[in-house]
Number of protein chains: 2
Amino acid sequence: MKKQHRELSDEALELIAARFRVLAEPMRLKILNALGEVELNVNEIVEATGSGQANISKHLGILFNEGLVARRKEGLNTYYSVADKQIFALCENVCASVDEHLATKQRAFKRGATK
Amino acid sequence: MKKQHRELSDEALELIAARFRVLAEPMRLKILNALGEVELNVNEIVEATGSGQANISKHLGILFNEGLVARRKEGLNTYYSVADKQIFALCENVCASVDEHLATKQRAFKRGATK
DNA sequence: TGACTATATTACTATATGGTAATATAAAAA
DNA sequence: TTTTTATATTACCATATAGTAATATAGTCA
């Protein structure tokens, strides 16, 4: 039996999956996309996303715990920014991959072969 | 107000999130890791992962629907392989990112500041 | 044909989690 | 101090989904 790839323990797989899980929510992606390269406070993020304050705070907490965003308090406000800029490259990759997948599906559909 | 990043519709965000969601399961990552560059049938994957046949079939179906694996039938057997090799680069990135995050946490812990 | 085998599907349960309303906290202002 | 404001937290409900057992399906072999 040939060894295919790097050995990954169940624990490592769980950690990697957890990271993906954080990115697997449209609202969290929306927050990251809204942040981009700038720094926004919670209210600004609430407005940018159109979601409720409690929900946004919860998502921000999750993003913060995973180290994807940084947090800075200034008086009553909390300013958030993207801590791990690599996220954007990651999303670009996934974007391209999804796009390719959809194109393939569309070609199959046009050919009349959904298979 | 400055435009930060690319505009992404809610629909696009949902598609990207869906892709991440597929990768957000340890068992599916385990399957992809087991497959690597080789082709395995369902039974071989069942053995490699230590999970049940029904569960593996279900996960393979999900991976297939997202276009992450390809499927080839040969008699009674179904052989699966990784269709989107970019996945591995993606996982490497996430791996590095998680690693960095954990290292940061560890440094904070050693400093006595969990903050 | 009928038995056997590999895989897929279905039905079910248990768990996780997103959204929301209500509330707590804590900093600023009056 | 009291009030106001921004954010975080808690409790709750509704939904999604991983794992599993049972069953269906379909190819192979006798």
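Just so we're on the same page: letters track the sequence lines, and every chain starts at 1. Being a predicted model, the structure only gives us computed values, none of them experimental.
For A:Lys58 against C:dG19, a side-chain-to-base donor-acceptor contact under 3.5 Å is present. Contact annotation: side chain of A:Gln53 to base of D:dA6, donor-acceptor pair absent below 3.5 Å.
Neither OP1 nor OP2 of C:dG19 sits under 4.0 Å from any side-chain N or O of A:Ser51. Dashed line: the shortest gap from a side-chain N or O of B:Tyr80 to OP1 or OP2 of C:dA6 is not under 4.0 Å. For B:Arg71 and C:dT7, the shortest distance from a side-chain N or O to OP1 or OP2 is not below 4.0 Å. Proximity of B:Asn77 to the phosphate of D:dG27: no side-chain N or O atom is located under 4.0 Å from OP1 or OP2. Contact between the side-chain N/O atoms of A:His59 and the OP1/OP2 oxygens of C:dT17 is not found at any separation under 4.0 Å.
Contacts between residues 16-24 of chain A and DNA chain C, defined by a heavy-atom separation under 4.0 Å, are made by A:Arg21.
Here D:dG19 is the nucleotide among D:dG19, D:dA6, C:dA21 with the atom lying nearest to any side-chain atom of B:Met27. Distance from the side chain of A:Leu76 is smallest to D:dT5 among D:dT5, C:dA8, D:dA18. Of the candidates D:dA21, D:dT7, C:dT20, the closest approach to any side-chain atom of A:Asn41 belongs to D:dT7. Residue A:Ser57 places its side chain closer to D:dA8 than to any other of D:dA18, D:dA21, D:dA8. For B:Asn55, whose side chain is taken as the heavy atoms from C-beta onward, the closest listed nucleotide among C:dA6, D:dA8, D:dA18 is D:dA18. Side chain of B:Ile62, nearest nucleotide from C:dA22, D:dA18, C:dT5: D:dA18.
Each of B:Arg19, B:Arg28, B:Arg21 was checked for a salt bridge (charged side-chain N to carboxylate O under 4.0 Å, His left out) with B:Glu66, and the lone residue meeting it is B:Arg19.
B:Ile56 has its CD1 atom 12 Å from the P atom of C:dT7, to the nearest Å. Straight-line distance from the CZ atom of B:Phe64 to the P atom of C:dT7: 15 Å, rounded to whole Å. One atom, CD of A:Glu14, and another, P of C:dA16, lie 11 Å apart when rounded to the nearest Å. Here the P atom of nucleotide D:dA6 and the CG atom of A:Leu40 are 15 Å apart, to the nearest Å. Straight-line distance from the NZ atom of B:Lys73 to the C1' atom of D:dA26: 7 Å, rounded to whole Å. In this structure, the NZ atom of A:Lys30 is 10 Å from the P atom of C:dG19, given to the nearest Å. When the P atom of D:dG19 is taken as reference, atom CG of A:Asp10 falls 11 Å away, rounded to whole Å. One atom, CG of A:Leu60, and another, P of D:dA6, lie 16 Å apart when rounded to the nearest Å.
Shortest non-hydrogen contact noted between A:Cys95 and B:Ile16 is SG-CD1, 3.5 Å. Here the closest non-hydrogen pair linking A:Ala83 and A:Gly67 is CB-O, 3.6 Å.
Linking ILVMFWY residues whenever their side-chain heavy atoms come closer than 4.5 Å, directly or via other members, leaves B:Leu76 and B:Phe64 in distinct clusters.
Here A:Glu25 does not pair with A:Lys30 in a salt bridge; the nearest charged N to carboxylate O distance is not below 4.0 Å. Between A:Glu100 and A:Arg107, at least one side-chain nitrogen of the basic residue sits less than 4.0 Å from a carboxylate oxygen of the acidic one, meeting the salt-bridge criterion.
Both cation-pi conditions hold for A:Arg72 and A:Tyr79: the charged atom is under 6.0 angstrom from the six-membered ring centre and inside a 45 degree cone around its axis.
Residue B:Tyr79 is out of contact with every strand shown, counting any heavy-atom pair closer than 4.0 Å.
In this structure, A:His101 contributes its side chain and A:Ala96 its backbone to no donor-acceptor pair below 3.5 Å.
Residues A:Ala54 and A:Glu25 each lie close to DNA chain C; by heavy-atom proximity, the contact nearer the 5' end of the strand is made by A:Glu25.
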